[in-house]
Colleague: 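Shown below is the structure under consideration.
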Amino acid sequence: MDLRELLSRNLSCPIEENVSLAKYCTFGTGGKAKYLISPYSALDVVRIMNAREQYHFPLFFLGNGSNVLLSDIEGVVILSSGFNYADYYECKEKNKVIIEVGSGHLLKSVVKESIRRGYKGFEFAVGIPGTVGGAVVGNAGAQGIDVSRLLLWVECVTTDGAVIRMDSNDIVSGYRYSSLSESGCFITKCAFEAASGDVRLIKEKCLEYWSKRSHQPYAYKNAGCIFKNTSNYSAGRLLDECGCKGKRIGDAEISSLHANFCVNLGNARVADIKKLIYECRDIVYEKKGILLDFEVKIFGF
C-alpha cells in the first residue's frame with residue numbers, strides 16, 4: 001500500500017500529488033510537494049500524525065508561505081488554510097477583548113478587523129504577512145513588540161496525535177522564536193487578548209508602524225526579512241555596509257530598497273535564491289566577523 005492510498009482511507013479531505021509549491025509561497029517560486037493535504041478538522045490532522053508515527057514519512061506545515069524557501073518536499077505538506085476563521089468576544093466590564101483565531105487565518109485580517117472594531121494591541125502587526133499560526137510559531141513582531149505579548153493559549157495536535165491546549169506561560173518565546181517551532185505540533189487555533197480603544201488613535205498608531213515598513217520592497221515577491229537582527233546590529237545595515245544591495249543571481253536579487261530582503265524579479269529559482277543569500281551571509285562574516293542567523297526557513301534542499 002502506498003502512502004496516498006493509506007492516507008486516502010482515513011482522511012475526509014482531498015489529497016493532491018506532485019504539487020508545485022510556487023503558488024503557496026510568497027517568494028513565487030518553490031519545489032514540489034509529493035503530497036499536499038488541506039484538512040478542515042483537527043481529526044484529520046490527528047489521523048495524519050498517527051499515520052506518520054507508524055510510517056515515518058517527512059511532514060511539513062505550511063501557512064501563507066511567507067518566511068520560507070522550499071525546494072522539493074518528498075513527504076506530506078499540510079496546509080493550514082482550512083482553519084480560517086476568527087471570533088471576537090468582548091468583556092466589557094474589564095475592557096478586554098478575546099480573539100479566537102484559526103491557525104490559517106491571515107494576521108493582516110486580524111489587524112484590519114481590530115482597527116474596524118476599535119480594538120488595540122495589534123497595531124505593531126500592520127504589514128506583517130502570513131497566517132496567525134505561522135506568526136505564533138515564529139513569534140512575529142516589529143519594533144520590539146511581538147505576538148507572544150497578546151497570546152493567551154494555543155490548541156494543537158501533537159506528534160503522537162493528541163489534541164492539547166497550551167497556555168502562553170507554557171510556551172518559551174524570544175526574538176522570532178517560540179518553543180512551538182521545535183515541538184512538531186500542528187496549531188489548529190489560538191486565542192489573543194486585546195483591549196477596547198479609540199479607533200482614531202489606533203489608526204494613527206498603525207500608520208506610525210506602517211511608515212517604518214514603507215521602505216520594504218512590496219512591489220516584488222519576497223519572503224520577508226532573510227536574516228534575524230543581532231543583539232547589537234541590524235541585519236539590513238550589515239548587509240548594506242558589506243555591499244550586498246543589488247547583488248543578483250538569475251532573477252533573485254538583494255533589494256536595493258532594503259538589503260535584508262531578497263526579491264524575485266520574475267522567474268527566480270529556489271536554488272538561485274538559496275545560493276545568493278548564503279553568499280551574502282558569507283560576505284558579512286568575512287567583512288564583519290558576524291555570522292547572521294536565518295529568519296527565513298529553508299527546507300527540502
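Predicted, not measured: the structure shown is a model, and the values here were computed from it. All residue numbers refer to positions in the sequence shown, counting from 1.
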Colleague: Ignoring hydrogens, what is the shortest heavy-atom contact between Ile128 and Ala140? Give both atom names and the distance.
Modeller: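 Smallest interatomic distance, heavy atoms only, reads CG2-CB, 4.2 Å.
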Colleague: Would the distance check show the side chain of Arg281 and the main-chain N or O of Leu292 forming a donor-acceptor pair, the cut-off being under 3.5 Å?
Modeller: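 Yes, Arg281 side chain to Leu292 backbone: donor-acceptor pair under 3.5 Å.
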Colleague: Under the criterion side-chain contact (heavy atoms from CB on, under 4.5 Å), I'd like the reasoning laid out for Ile48 against Phe186: C-alpha separation, chi angles, the key distance, then a yes or no.
Modeller: CA-CA 11 Å; Ile48 295 169; Phe186 179 88; over 6 Å; no
Colleague: Among Phe122, Tyr89, Tyr88, Trp153, which residue satisfies the ring pair (Phe, Tyr, Trp, His ring centres under 6.0 Å) criterion with Phe192?
Modeller: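 One option only clears the test, and that one is Phe122.
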Colleague: Quick check: do Ile98 and Cys91 have side-chain heavy atoms less than 4.5 Å from each other?
Modeller: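 Contact flag for Ile98/Cys91 side chains = yes.
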Colleague: Quick one, Asp72 and Phe299 - any side-chain contact, counting heavy atoms below 4.5 Å?
Modeller: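 No, their side chains stay 4.5 Å or more apart.
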Colleague: Taking it one step at a time, do Asn64 and Thr131 satisfy side chain to side chain donor-acceptor pair (under 3.5 Å)?
Modeller: CA-CA 6 Å; Asn64 194 46; Thr131 59; over 6 Å; no
Colleague: Tell me whether Arg248 contacts the main-chain N or O of Gly250 through its side chain, where contact means a donor paired with an acceptor under 3.5 Å.
Modeller: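 It does hold such a pair.
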Colleague: Please name the pair of heavy atoms, one in Asn139 and one in Gly174, separated by the smallest distance, quoted to 0.1 Å.
Modeller: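 Shortest heavy-atom contact: ND2-O, 2.6 Å.
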Colleague: Excluding sequence neighbours, so at least two apart, what forms salt bridge (charged side-chain N to carboxylate O under 4.0 Å, His left out) with Glu17?
Modeller: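 If we apply the salt bridge (charged side-chain N to carboxylate O under 4.0 Å, His left out) test to Glu17, skipping adjacent residues, the hits are Arg4, Lys34.
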Colleague: How about Leu36 and Ile15: do any of their side-chain heavy atoms sit closer than 4.5 Å?
Modeller: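 A side-chain contact is absent here, since even the closest heavy-atom pair is not under 4.5 Å.
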Colleague: Counting N and O atoms only, with roles assigned by atom type, does the side chain of Asp198 sit under 3.5 Å from a partner on the main chain of Leu201, one being a donor and the other an acceptor?
Modeller: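 Between the backbone of Leu201 and the side chain of Asp198 there is a qualifying donor-acceptor contact (under 3.5 Å).
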Colleague: Rounded to the nearest 0.5 Å, what separation is found between the OG1 atom of Thr29 and the NZ atom of Lys221?
Modeller: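 Here the interatomic distance stands at 9.0 Å.
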Colleague: Starting at CD of Glu113, measure out to NE2 of His105 and round the result to the nearest 0.5 Å.
Modeller: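 Between Glu113 CD and His105 NE2, I get 8.0 Å after rounding to 0.5 Å.
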Colleague: Shared ILVMFWY cluster between Ile187 and Phe60, side chains joined below 4.5 angstrom?
Modeller: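 Different clusters.
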Colleague: Out of curiosity, Asn10 CG to Leu43 CG, how far, rounded to the nearest 0.5 Å?
Modeller: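 Asn10 CG to Leu43 CG: 9.5 Å, rounded to 0.5 Å.
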Colleague: Would you give the length of the straight line joining atom CG of Asn84 to atom CG of Leu79, rounded to the nearest 0.5 angstrom?
Modeller: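 It is 12.0 Å, given to the nearest 0.5 Å.
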Colleague: For side-chain contact (heavy atoms from CB on, under 4.5 Å), just list the numbers for Tyr24 and Val19, CA-CA rounded to whole Å, side-chain angles, deciding distance to a tenth of an Å, and then say yes or no.
Modeller: CA-CA 10 Å; Tyr24 297 103; Val19 180; 3.9 Å; yes
Colleague: Does the side chain of Leu150 reach to within under 4.5 Å of the side chain of Phe124, using non-hydrogen atoms?
Modeller: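 Side-chain contact under 4.5 Å: yes.
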Colleague: Without hydrogens or angle criteria, can the side chains of Thr230 and Asn232 be said to hold a donor-acceptor pair below 3.5 Å?
Modeller: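 Checked: Thr230/Asn232 side chains show no N/O donor-acceptor pair below 3.5 Å.
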Colleague: Among Glu193, Lys96, Glu90, whose side chain to side chain donor-acceptor pair (under 3.5 Å) with Tyr119 holds?
Modeller: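 Filter result, single survivor: Glu90.
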Colleague: Counting N and O atoms only, with roles assigned by atom type, does the side chain of Ser179 sit under 3.5 Å from a partner on the main chain of Ile171, one being a donor and the other an acceptor?
Modeller: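 Judged by distance alone, no pair lies under 3.5 Å.
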Colleague: Quick one: CG on Asp272 to CG on Leu265, what's the gap to the nearest 0.5 Å?
Modeller: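 If we round to the nearest 0.5 Å, Asp272:CG and Leu265:CG are 11.0 Å apart.
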Colleague: Keeping the roles fixed (side chain from Asn264, backbone from Phe27), state whether a donor-acceptor pair exists under 3.5 Å.
Modeller: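 Judged by distance alone, yes, a pair lies under 3.5 Å.
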Colleague: Please check if any side-chain donor atom of Asp146 sits under 3.5 Å from a side-chain acceptor atom of Ser148, or the reverse.
Modeller: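 The criterion, which ignores hydrogens and geometry beyond distance, is satisfied for Ser148 and Asp146.
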Colleague: Can you confirm whether more than 12 heavy atoms, excluding those of Tyr285, are under 6.0 Å from its OH atom?
Modeller: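 It does not: Tyr285 OH has 12 such atoms or fewer within range.
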Colleague: Where do Arg237 and Asp240 land on the salt bridge (Lys or Arg N to Asp or Glu O under 4.0 Å) test, with the steps shown first?
Modeller: CA-CA 5 Å; Arg237 181 175 178 180; Asp240 193 1; over 6 Å; no
Colleague: Report the distance from atom SG of Cys206 to atom CD1 of Ile115, rounding to the nearest 0.5 Å.
Modeller: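 Rounded to the nearest 0.5 Å, the SG-CD1 separation comes out at 3.5 Å.
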Colleague: Check whether Phe83 and Val137 end up in the same hydrophobic cluster, where Ile, Leu, Val, Met, Phe, Trp and Tyr are linked by side-chain heavy atoms less than 4.5 Å apart.
Modeller: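 No; tracing contacts between hydrophobic side chains, which count when under 4.5 Å, never links both residues.
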Colleague: Donor-acceptor pair, distance only, cut-off 3.5 Å: does the side chain of Asp44 make one with the backbone of Ser12?
Modeller: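 It does hold such a pair.
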Colleague: Check for a donor-acceptor pair, side chain of Ser8 on one end and backbone N or O of Glu5 on the other, with a separation under 3.5 Å.
Modeller: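 Answer holds: no.
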Colleague: May I ask whether Val296 and Tyr278 are part of the same hydrophobic cluster, defined by side-chain heavy atoms of I, L, V, M, F, W, Y residues being less than 4.5 angstrom apart, directly or through others?
Modeller: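 Shared cluster, yes.
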Colleague: Which heavy-atom pair separates Arg213 from Ala142 by the least distance, and what is that distance?
Modeller: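 Minimum heavy-atom contact is NH1-CB, 3.7 Å.
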Colleague: Any side-chain heavy-atom pair from Glu279 and Ile249 closer than 4.5 angstrom?
Modeller: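 Yes, at least one pair of side-chain atoms sits under 4.5 Å.
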Colleague: Looking only at heavy atoms, which two atoms of Val111 and Ala125 are closest? And how far apart?
Modeller: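 Heavy atoms only, the tightest pair is CG2-CB, 3.7 Å.
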Colleague: Are more than 12 heavy atoms, taken from residues, nucleotides or ligands other than Asp282, located less than 6.0 Å from that residue's CG atom?
Modeller: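 Counting other residues, nucleotides and ligands, CG of Asp282 exceeds 12 neighbours.
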Colleague: Give a yes or no on whether the backbone of Pro217 and the side-chain of Asn222 come within a donor-acceptor separation of less than 3.5 Å.
Modeller: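 Yes; judged by distance alone, with no hydrogens or angles, the pair exists.
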Colleague: Do Leu11 and Pro39 have side chains that get closer than 4.5 Å, going by heavy atoms?
Modeller: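 Counting from C-beta outward, Leu11 and Pro39 never come under 4.5 Å.
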Colleague: Kindly indicate whether the side chain of Leu7, heavy atoms from C-beta on, has any atom under 4.5 Å from the side chain of Val76.
Modeller: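 In short, these two side chains touch, coming nearer than 4.5 Å.
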Colleague: Any link between Phe227 and Leu69 through a network of hydrophobic side chains (Ile, Leu, Val, Met, Phe, Trp, Tyr) touching at under 4.5 Å?
Modeller: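 Yes, Phe227 connects to Leu69 through the hydrophobic network.
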Colleague: Would you say Thr158's side chain and Ala162's backbone share a donor-acceptor pair under 3.5 angstrom?
Modeller: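 Judged by distance alone, yes, a pair lies under 3.5 Å.
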Colleague: Could you check whether Tyr177 and Glu182, counting side-chain N and O atoms only, form a donor-acceptor pair closer than 3.5 Å?
Modeller: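 Yes, a side-chain donor-acceptor pair sits under 3.5 Å.
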Colleague: Might you work through the side-chain contact (heavy atoms from CB on, under 4.5 Å) test for Lys247 and Cys280, ending with a clear yes or no?
Modeller: CA-CA 9 Å; Lys247 283 186 67 67; Cys280 290; 4.2 Å; yes
Colleague: Please name the pair of heavy atoms, one in Ser71 and one in Leu21, separated by the smallest distance, quoted to 0.1 Å.
Modeller: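 What the structure gives for the nearest pair is O-CD1, 4.0 Å.
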Colleague: Any carboxylate oxygen within less than 4.0 angstrom of a Lys/Arg side-chain nitrogen, looking at Lys189 and Glu100?
Modeller: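 Salt bridge flag = yes for Glu100 with Lys189.
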Colleague: Between His258 and His215, how do the two ring planes meet: parallel, tilted or perpendicular, split at 30° and 60°?
Modeller: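 Because their plane-to-plane angle is under 30°, the rings of His258 and His215 count as parallel.
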Colleague: Between Gly130 and Ser66, what is the shortest heavy-atom contact and its length?
Modeller: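 Closest approach of Gly130 to Ser66, heavy atoms only: CA-OG, 3.4 Å.
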Colleague: Is there a path of hydrophobic side-chain contacts, each under 4.5 Å between heavy atoms of I, L, V, M, F, W or Y residues, that connects Met166 with Val132?
Modeller: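 Yes; tracing contacts between hydrophobic side chains, which count when under 4.5 Å, links both residues.
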Colleague: Apply side-chain contact (heavy atoms from CB on, under 4.5 Å) to Cys156 and Thr188, showing your working.
Modeller: CA-CA 5 Å; Cys156 54; Thr188 54; 5.6 Å; no
Colleague: Which pairs with one or both residues in residues 284-301 pass salt bridge (charged side-chain N to carboxylate O under 4.0 Å, His left out), sequence neighbours excluded?
Modeller: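 Pairs touching residues 284-301 that pass the test: Arg176-Glu295, Lys228-Asp293, Glu241-Lys288.
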Colleague: Under 4.5 Å between any side-chain heavy atoms of Glu155 and Val163, yes or no?
Modeller: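 Yes, close enough: below the 4.5 Å cut-off.
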